[in-house]
Amino acid sequence: MIEQEFASLIDAYAHTSHRQHVERIEQAFRFANKAHYGVRRLSGEPYIMHPLAVAKIVVSEIGLGSTSISAALLHDVVEDTDYTVEDIDNLFGSKIAQIVDGLTKISGGVFGDKASEQAENFRKLLLTMSDDIRVVLIKIADRLHNMRTLEAQPKEKQYKIAGETQYIYAPLAHRLGLGSIKSELENLAFRYEHPNTYAELQERIAADNMTRMENFERFAQPIREKLKSLGYEFDLTARIKSPYSIWRKMNTKHISFDDVYDLLAVRIVFTPHPNFSEKDQCWMIYSAITEIYRPHPERIRDWISTPKANGYEALHITVMGQNGDWVEIQIRTRRMHELAEQGLAAHWKYKSGEMEETELDKWLRDIKEVLKSDSPDAMAFLDTFKLNLFAKEVFVFTPSGDIQTLPQGATVLDLAYQLHSELGEHCIGAKVNHTLKSSDYILHAGDQVEVLTAQQQQPQPEWLNYVITAKAQSALNAFFRKQERQQERVGERRLNDALRSLSIPETQYDGAIQRMLTYYHLTKRSVLFRQIGLDAIKLEGLKDIIAPKQSLWSRLRPWRQNSQPAISEQDEESVTMDTRKDKSRHNLVLTDENLKDVILEDCCKPIPGDEAIAFKDTTGKMHVHYMNCPVAERLKSSYGKSIYSVTWDTHRMSQYKEKMEIEGIDQFGLLIEMLRVISDNFHININELHITANNGVFTARLVLYVYDKAELYELMDALKKMHNIQSVKRVFD
Ligand code: MN
């Protein structure tokens with residue numbers, strides 16, 4: 001049985017256009033066969049049947065050559081036997097050894113017990129993939145064979161393997177252009193995850209398959225005749241869609257089985273005439289078919305003019321068949337067909353000599369770049385990356401007519417980062433179809449985009465809210481981390497200098513820092529250093545704070561006297577119990593550290609320093625409202641027990657948008673004078689400015705970026721003092 005399987009592998013290899021290195025493959029097979037000798041799979045067959053099957057998939061379904069076939073035969077040797085990568089290296093050379101090494105590293109699969117483990121495994125997978133794409137292609141073949149033989153595994157293992165396949169391997173196969181493998185993986189995963197639904201669908205498909213195929217023959221006949229008369233050599237086939245793709249269609253479109261109109265995938269694969277462009281001939285066939293059947297005007301997909309990012313090319317059309325049913329037909333040349341089935345491998349086969357960079361090459365390069373930048377938040381990376389695997393694509397044009405492919409929902413900023421990280425960092429917006437748009441503008445298919453930059457521009461934290469590509473996100477995170485580390489270093493240096501100038505011995509630095517953390521309600525040194533670096537914490541009062549003997553509380557600023565440490569999970573119980581006795585215990589201290597965990601509600605947009613209350617919802621999340629906000633009033637009356645008073649203990653780390661209204665006597669130069677106060681004296685940035693002047697009275701409405709209430713009111717006071725300004729008000733929505 002083993003020898004027979006090997007002979008069939010060699011036979012499949014002989015039918016490819018690869019240079020024939022049969023000896024090397026045979027050597028790998030003999031070695032693996034000996035190494036796995038005596039071991040059986042759960043199904044009962046000898047273990048070597050698995051590597052043989054994987055090798056066969058690698059050659060006949062993915063189209064790879066002898067190096068990959070050998071590596072596939074050897075892929076479980078290091079993992080499952082006593083042989084090492086060095087042994088493989090000595091016997092088969094470094095290339096095969098490297099691939100086997102990569103496969104061994106990712107042999108554990110992606111799913112782990114912990115999310116972090118999963119992210120790490122996934123990262124490993126991508127790393128090995130970007131090193132040598134063959135690693136992941138063989139891994140997909142391995143997974144495909146395991147899925148085909150999943151029956152033998154115990155139930156809980158079936159779930160894990162099927163889940164993993166659905167989660168990562170099918171999308172990867174899709175991204176690498178392995179069309180039919182992706183469909184088979186999805187369908188098999190579906191079969192093991194939803195066995196009953198799967199069986200039911202199969203039954204329904206089988207039920208009227210006869211009529212369906214008869215109908216197809218009647219539909220196909222006139223097309224066949226027409227194509228023959230045009231002198232084409234072609235295959236016109238109909239394949240029933242898989243239960244999975246039917247099920248997905250029923251679910252996404254909320255329709256019943258009977259309403260899935262395109263159960264059949266009809267495909268024309270033809271050999272094009274020489275000296276004639278493939279694209280022209282696809283359209284000629286389109287024209288021939290639509291002379292017989294009426295086309296659906298909105299269901300034409302031209303993946304020839306702009307291939308999908310995974311390299312897919314074809315012309316998809318939908319026509320009305322004899323019974324009034326819509327039928328989708330895919331028109332492809334043989335080359336396009338091979339590309340659709342074998343993806344990447346076929347890509348390289350057809351790639352012209354000058355090695356132009358394909359979308360896939362670009363994608364792999366992007367992955368490498370993203371992985372190079374250290375990313376401590378691997379989970380977030382994984383999420384974005386996965387999103388990008390699934391996402392539909394939009395094509396946009398650069399001013400020079402180049403096509404750029406982006407996932408749907410991508411913004412101007414995503415495009416800027418995709419073109420060049422330098423362009424991203426300095427992006428201030430874009431001209432989209434010659435109209436000025438901000439950098440958070442969501443791109444549409446066919447947009448022509450010219451990215452605009454300014455040298456003084458640099459990444460802002462809110463940018464993270466509107467980039468969706470992994471590349472832009474990781475570039476931004478890297479930028480902010482670098483910036484934070486710089487601020488920390490500056491702060492640490494300043495603090496050390498200050499401590500030294502107070503002649504404090506170095507052995508007491510730790511104690512001093514500890515006292516500062518307590519004083520400022522912080523727990524992390526890094527945050528303390530950063531605040532010092534940002535000048536948010538000044539060091540003038542350092543001596544008093546770190547003096548060990550005196551009572552700390554006596555030196556607190558008056559407004560902080562009631563404050564208690566921020567509510568933590570553990571003392572929540574006691575806080576709730578004490579409420580009735582002592583109202584002040586029900587207090588929430590907002591610090592720079594915990595501020596990001598609470599919600600500053602949009603209805604009233606409280607900013608640090610504002611009189612505010614917090615409402616604790618059932619999940620424990622804190623919602624902060626301005627004291628007089630109507631929503632707050634309602635909450636107070638209905639959920640008294642869940643209401644906390646709020647004390648701010650923040651240090652001007654983040655800015656908030658605030659609205660202000662100014663009224664005055666319209667007079668020449670007043671506006672300039674006003675702006676001078678805001679910009680020059682207070683260094684406050686203006687987000688919006690509306691001015692109206694009526695009968696000598698002028699009204700200005702501004703949106704400003706401020707750190708806290710104190711800053712806002714200082715500015716308001718300064719403006720009020722100006723000649724001709726009558727009133728300055730803060731505006732709540
Ligand atoms: Mn295996």
Side-chain angles (χ1 to χ4, degrees), residues 1-2 5-6 8-9 12 25 28-62 64 66-85 87-88 92 96-112 121-122 124-125 128-129 131-154 156-170 172-173 176 178 181-182 184-185 188-189 192:
M1 177 167 70
I2 295 170
E5 189 60 26
F6 177 64
S8 123
L9 170 68
I25 296 175
F29 162 64
R30 299 282 163 222
F31 180 77
N33 194 18
K34 221 169 67 201
H36 292 299
Y37 183 77
V39 183
R40 283 176 187 278
R41 301 190 83 209
L42 282 180
S43 61
E45 54 179 19
Y47 194 86
I48 188 68
M49 295 302 278
H50 166 64
L52 271 170
V54 175
K56 185 104 168 274
I57 294 170
V58 160
V59 61
S60 37
E61 293 179 57
I62 308 184
L64 299 173
S66 64
T67 305
S68 308
I69 298 171
S70 307
L73 286 167
L74 297 166
H75 82 270
D76 278 333
V77 166
V78 175
E79 171 78 7
D80 294 343
T81 74
D82 292 335
Y83 290 104
T84 63
V85 174
D87 296 332
I88 306 277
F92 300 98
I96 291 179
Q98 269 169 31
I99 298 177
V100 173
D101 188 32
L103 285 161
T104 309
K105 281 195 186 116
I106 57 174
S107 61
V110 173
F111 281 10
N121 290 340
F122 187 65
K124 240 188 294 176
L125 178 77
T128 49
M129 175 171 89
D131 267 357
D132 189 330
I133 191 71
R134 285 175 291 190
V135 174
V136 90
L137 291 172
I138 297 169
K139 180 71 194 171
I140 288 173
D142 180 31
R143 177 48 60 112
L144 179 59
H145 185 243
N146 286 335
M147 286 300 292
R148 283 176 180 168
T149 54
L150 200 55
E151 197 69 69
Q153 296 285 345
E156 71 278 8
K157 258 208 141 168
Q158 286 182 352
Y159 275 127
K160 179 182 180 254
I161 293 174
E164 220 173 60
T165 300
Q166 190 75 276
Y167 182 78
I168 189 66
Y169 290 104
L172 262 181
L176 294 170
L178 300 165
I181 290 182
K182 169 234 176 195
E184 189 178 347
L185 284 175
L188 284 166
Y192 287 99

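One-based numbering, in listed order, for ligands and for the atoms of each.
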- Message: One thing to verify: whether Glu184 and Arg148 come together as a salt bridge, which I'm taking to mean a side-chain N less than 4.0 angstrom from a carboxylate O.
- Response: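 Glu184 and Arg148: salt-bridged.
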- Item | Sidechain N-carboxylate O distance under 4.0 Å for Glu164, Lys157 |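 Here Glu164 does not pair with Lys157 in a salt bridge, since their nearest N and O are not under 4.0 Å apart.
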The Mn ion (ligand 1) is nearest to which N, O or S atom of [X]?
| X | result |
| --- | --- |
| Asp76 | OD2 |
| His50 | NE2 |
| Asp142 | OD1 |

- Message: So that I know where these two stand, are Tyr47 and Tyr37 an aromatic pair - ring centroids less than 6.0 Å apart?
- Response: no
- Message: Between Leu144 and Tyr169, is there a side-chain heavy-atom distance shorter than 4.5 Å?
- Response: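 No; the side chains remain at least 4.5 Å from each other.
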